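First listed ligand is number 1; within each ligand, the first listed atom is number 1. This structure is a prediction, so every number in the text was calculated from the model and none was measured.
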Amino acid sequence: MSRLPVVVACDLDRTLIYSAAALRLEGDDQDAPELLVAEVYGGVPISFLTRASEALLARVDETAHFVPVTTRTVAQYRRVRLPGVRPTHSVTTNGGTLLVDGVPDEAWRRAVDRRVAEACAPLGQVEALLTDQHWAAWTHTVKAAEELFVYAVVDRAEMPEQAVVDLAARCDELGWTVSLQGRKVYCVPRPVTKSAALEEVRLRTGADTVFAAGDSLLDQGMLEAATGAFRPAHGELHDVAFTAANLTVTDADGVMAGEELLRRLGDAVVATAR
Ligand SMILES: [Mg+2]
């Protein structure tokens with residue numbers, strides 16, 4: 001089967017691949033699904049997907065334009081090994097970078113930089129919010145990603161919930177958005193979105209239909225813009241009970257939701273051919 005004019009956009013972390021802490025393997029260990037390693041860091045396997053996901057992913061990749069869409073930086077993305085697929089287009093850095101056959105597209109990045117410069121406070125001003133004395137109490141590190149956005153690695157137990165609310169309000173005034181994912185608090189300029197980069201991919205591939213899957217607030221825009229959207233029954237969007245007319249929520253959670261998402265995405269692609 002040749003590829004249909006369909007883009008399948010899939011977030012990576014906690015959507016397609018899972019850290020050990022995010023697997024949510026309940027029940028007896030002997031009944032756990034077989035897992036594949038999707039990422040090695042410092043010589044240690046740290047991200048996984050189920051073995052059954054491999055064939056489901058291959059089906060998506062054979063029938064549609066499969067596009068990984070992640071907030072990871074390019075370097076962090078390159079550690080991820082998705083079995084059997086070599087996407088022609090990938091979106092990293094939350095939409096700040098578009099990889100075409102693995103190479104950053106310079107024209108896209110220039111367009112993003114221009115929009116950010118027009119509409120947002122400079123990165124240093126937002127970084128200062130995360131490195132002030134107040135935040136130091138629960139913050140391990142603060143990192144800038146490709147000079148585009150910043151994130152703090154925090155101790156969730158120590159961090160008051162109000163801190164993120166206050167940060168989001170302050171960032172909003174500066175033209176930035178905030179997303180809390182696991183141990184990371186992301187501050188991202190408002191124009192740097194997965195949905196904008198995905199629309200660019202859709203135009204370049206000539207696709208007329210987009211199916212998207214994701215779990216976090218940073219995925220919400222691309223889920224809303226998609227023809228059909230899917231999210232796991234866990235994560236930031238699940239915690240706020242995000243729903244929409246075009247949205248399907250998985251029955252499973254954890255790594256089994258990742259497998260279910262691939263099955264549902266593949267079924268959605270095949271259904272467009274009928
Ligand atoms: Mg995610």
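- The pair R59-D267 meets the salt-bridge criterion, since a charged nitrogen lies less than 4.0 angstrom from a carboxylate oxygen.
- Take a cut-off of 2.8 Å around the Mg ion (ligand 1): the protein N, O or S atoms inside it are D11 OD2, D13 O, D215 OD1.
- A donor-acceptor contact shorter than 3.5 Å is absent between the side chain of W135 and the backbone of V154.
- Heavy-atom contacts from other residues, nucleotides or ligands closer than 6.0 Å to CZ of R79 number more than 12.
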- Item | Y151 vs Y186, ring pair (Phe, Tyr, Trp, His ring centres under 6.0 Å): CA-CA, chis, key distance, verdict | CA-CA 4 Å; Y151 61 95; Y186 291 90; 5.4 Å; yes
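- Aromatic pair H234/Y18: centroids less than 6.0 angstrom apart.
- Of the charged side-chain nitrogens involved, at least one lies within less than 4.0 Å of a carboxylate oxygen, so that R170 and E173 count as a salt-bridged pair.
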